[in-house]
Structures are given as C-alpha cells and as structure tokens.
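Have a look at the structure below before the remarks.
Worth knowing before you read on, the calculation uses all heavy atoms, side chains too, and leaves out hydrogens, waters and symmetry mates.
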Amino acid sequence: MNPGAGNFKVTLWGALCVAAASVLWGTTGTAATFAPSLSPLAVGAVAMGIGGLLQALYAVGAIAGQWPGLLDRWRLVSLGAAAVAVYPLAFYSSMRLSGVAVGTVVSIGSAPVAAALIERFADGKPLTRRWLAGAFLGVTGAALLSFAGQGHGQAAGSGSPGGSWTPLAGIALGLVAGATYAVYSWAAHRLIGGGLSSRAAMGTVFGLGGLLLMPVLAVTGAPLLESWTNFSVGAYMALVPMFAGYVLFGWGLARIRASTATGISLLETVVAAVLAVLVVGERLPLHGWLGAAVVIFSLFILTPRRPAAGPAAGPLPPS
C-alpha cells in the first residue's frame, strides 16, 4: 500500500474540514446585520467569547489529561489566546465600518500572507510555488471583491464623523484581524505539532481567549438581553460559526499547515459576499463576481493533491 495515499486522505479531510468551517464563518457578517443595535465589540465578545468557553468545556477532558504539556508551552498558549481575544473585536468592527463584504475580504484575505510570513520567519518553512500561486490568486480575488464592495463602505461612512476615513479605518482593522487570525492559527498548529491533541490545543487557546473577552462582553453586552432577535443572533454566532466552526478548524489544523488552512479559509470571503448580496442587499458588480470565481479557483490549487508513490511524513496527532 502506498503510504502517501493514506496521508493524502488525511490532508484532504483536513482541507475539507477547514472549508466547512469557512462556510460557517462566512455567515457571521450577515447574521450580525440582524441585530444592528449590537455594537461590533458586543458581537465579537459574545461570538468568540462564549464560543471559546464552549470549546474549553468540550475539551475539558483532553485539557486535563495534557495539562503538563500545555504549561510547558505557556508562552505559545498565551500568544494564541491574546490573538483570539483581539481578532473578533477587530473583525466585527471592520465589517461595521467598511461593510460586510469588504470587512470580511480584507480580514480573511490578508491572513494567508501573514500566516506564510510567520511560518517563513518563525519556523523556517519554505513557501512552495504551488502555495504562492494559490495564495496570489486567492488574495487577488479577495482584492477584487474588496474593490467591488468599496461603494458600500463609503456610503456607510459618509454620514458618520470622519466621512471617507471610516472605511479606511475599517480596512486597517481588517488587517489587524487578518494578522491575529494568522497568529492564533499558527500557535494552535505549533501546539498540535508539538504533540498535543487538536482538542486540547484549541480548547485551551480559545478558552483563555474567551475569558479575556468576558470583561468586554460585560461592558457591551446588555443589548443582547433587550430582544429575542439580539439574543438569537448572539446564540447563533457563539454556537454555530464559532463553536462548531472552530471544532472543524481544529481538526483541519491537525492535518494541514497553518498557511494552507488560512489560504483555504478565503472561501469565507465568497460566502460572505454572496450572502451580503442575497440577504443584506449589498450590490456586487461584475468584477466582484469575477473575484469570487478567482477565490474559488485558488482553492483547487491550495487543496492537497494525491501524491505519487513513495514514503511521506505521517499526519499530526488526531483530536
């Protein structure tokens, strides 16, 4: 039996898990529009905060069993948890200031580049031509989507203090979100690659990140209890895209590189853009749809291929 074929199946399943998570994440911006009275800080805190605590609860057995290894890597755990706490605050603020499509595209579109730079300089991992081609196409498609949605961002910011600076601030926050997304993905992948299970690594990093978000939720979360709509949006965000989505993402990170995972997660931008058009009512011109098609095409390049016969490295530890 070709050992490479077995590893191919493992990495393919990892890629599919990340793709499924990305579809769930792509619904968050549209879901947030159903509760406009919620501030982006409240949305981010309830989504990633409660979702992170649920991750920790789901993984409590694995965390307890691997606690010594987690303590040995406390710096990496702390870095990942801090990134988890910053990411949703920057991400949802970006979408509120620059629009659902633009905020999502900038945040997720910049993450593969940040992840590749982290892997290159922190781990010394080379960037393959195939990854570079796939990431270039994905980011190009994301940029087309971003430019297509720019009109919405300007409209959203025209009536607010700062005028045209508002969408620019949203784009800047999107870059912060992309960088922190890459950081916690890399940290979790390093923990898993160091011998910890994906459940223990993700549960600890996201659980601590969720704890860090609790003060933000306490200060900003009162509107969640003002209506069933607000409460339902918060519950959906925490349970579906954040809890279920990151369980899937953790399974994927145990089987593929962080840079590959963040590249595949560009699919989120397409889902977000399509839902923004169909549900929110944002307009997406022809070059926006072209960008979506380019992103989808890049996924075929980034998805692992079946290898030729020969030995290959084994998969990372399962969850």
Side-chain angles (χ1 to χ4, degrees), residues 7 10-11 13-14 17-18 20-21 24-25 44-89 111 114-115 118-119 122-125 179-218 237-262 265 313-319:
N7 287 325
V10 169
T11 55
W13 275 111
C17 285
V18 173
L24 295 181
W25 296 338
V46 70
M48 195 72 96
I50 301 300
L53 294 179
L54 289 174
Q55 283 259 35
L57 183 62
Y58 168 72
V60 65
I63 293 172
Q66 300 180 53
W67 189 245
L70 290 165
L71 285 178
D72 287 342
R73 299 167 177 83
W74 67 269
R75 290 184 179 85
L76 196 57
V77 170
S78 300
L79 176 64
V84 164
V86 172
Y87 168 74
L89 306 181
I118 292 171
E119 285 189 350
D123 299 336
K125 292 183 178 179
T180 50
Y181 173 34
V183 167
Y184 72 67
S185 299
W186 171 79
H189 182 79
R190 279 287 297 267
L191 290 169
I192 296 168
L196 298 172
S197 70
S198 64
R199 183 177 297 187
M202 296 290 286
T204 303
V205 169
F206 280 78
L208 289 176
L211 284 176
L212 292 175
L213 286 167
M214 287 301 100
V216 179
L217 182 59
M237 301 273 272
L239 291 172
V240 181
M242 294 304 140
F243 173 62
Y246 277 102
V247 168
L248 289 168
F249 188 66
W251 291 345
L253 276 180
R255 294 156 177 86
I256 58 177
R257 286 173 55 166
S259 57
T260 301
T262 53
S265 66
L316 294 170
S319 60

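- Counting all heavy atoms, side chain and backbone alike, Leu70 lies closest to Val77 at O-CG2, 4.0 Å.
- With sequence neighbours excluded, the residues satisfying side-chain hydrogen bond (donor to acceptor under 3.5 Å, both in side chains) with Ser265 are Tyr181.
- Rounded to the nearest 0.5 angstrom, Leu248 CG and Met202 CE are separated by 10.0 Å.
- Considering every non-hydrogen atom in both Met48 and Pro88, the closest pair reads CB-CG, 3.5 Å.
- Between the OG1 atom in Thr260 and the CD atom in Glu119 there is a gap of 7.0 Å [rounded to 0.5 Å].
- If you take CD1 on Ile63 and OG1 on Thr204, they are separated by 3.5 Å, rounding to the nearest 0.5 Å.
- Here salt bridge (Lys or Arg N to Asp or Glu O under 4.0 Å) pairs that include residues 182-192, with residues two or more places apart or in two chains, are Asp123-Arg190.
- Here the closest non-hydrogen pair linking Ala115 and Ala258 is CB-O, 4.4 Å.
- By the side-chain contact (heavy atoms from CB on, under 4.5 Å) test, Val216 is found to be paired with Leu41, Ala45, Leu89, Thr220, residues two or more places apart in sequence or in another chain being considered.
- Rounded to the nearest 0.5 angstrom, Leu208 CG and Leu53 CG are separated by 9.5 Å.
- For Ile118, the side-chain contact (heavy atoms from CB on, under 4.5 Å) criterion is met by Ala122, Ala182, Val183, Trp186, not counting sequence neighbours.
- Residues passing the side-chain contact (heavy atoms from CB on, under 4.5 Å) test with Leu54, sequence neighbours excluded: Ile50, Leu239, Phe243.
- The minimum heavy-atom distance linking Gly203 with Ala59 is given by the pair CA-CB, 4.0 Å.
- Qualifying side-chain contact (heavy atoms from CB on, under 4.5 Å) partners for Ala261, counting only residues two or more places apart in sequence or in other chains: Val18, Phe249, Leu253, Ile256.
- Listed by first and then second residue, the side-chain hydrogen bond (donor to acceptor under 3.5 Å, both in side chains) pairs involving residues 63-73 are Gln66-Ser197 (not counting sequence neighbours).
- When every heavy atom of Leu212 is checked against every heavy atom of Ala85, the shortest pair comes out as CB-CB, 3.8 Å.
- Closest of all the heavy-atom pairs between Ala179 and Ala114 is CA-CB, 4.2 Å.
- Among residues at least two apart or in separate chains, ring pair (Phe, Tyr, Trp, His ring centres under 6.0 Å) pairs with a member in residues 194-217 are Tyr184-Phe206, Phe206-Tyr246.
- Applying the side-chain hydrogen bond (donor to acceptor under 3.5 Å, both in side chains) criterion to Gln55, with sequence neighbours excluded, gives no partner residue.
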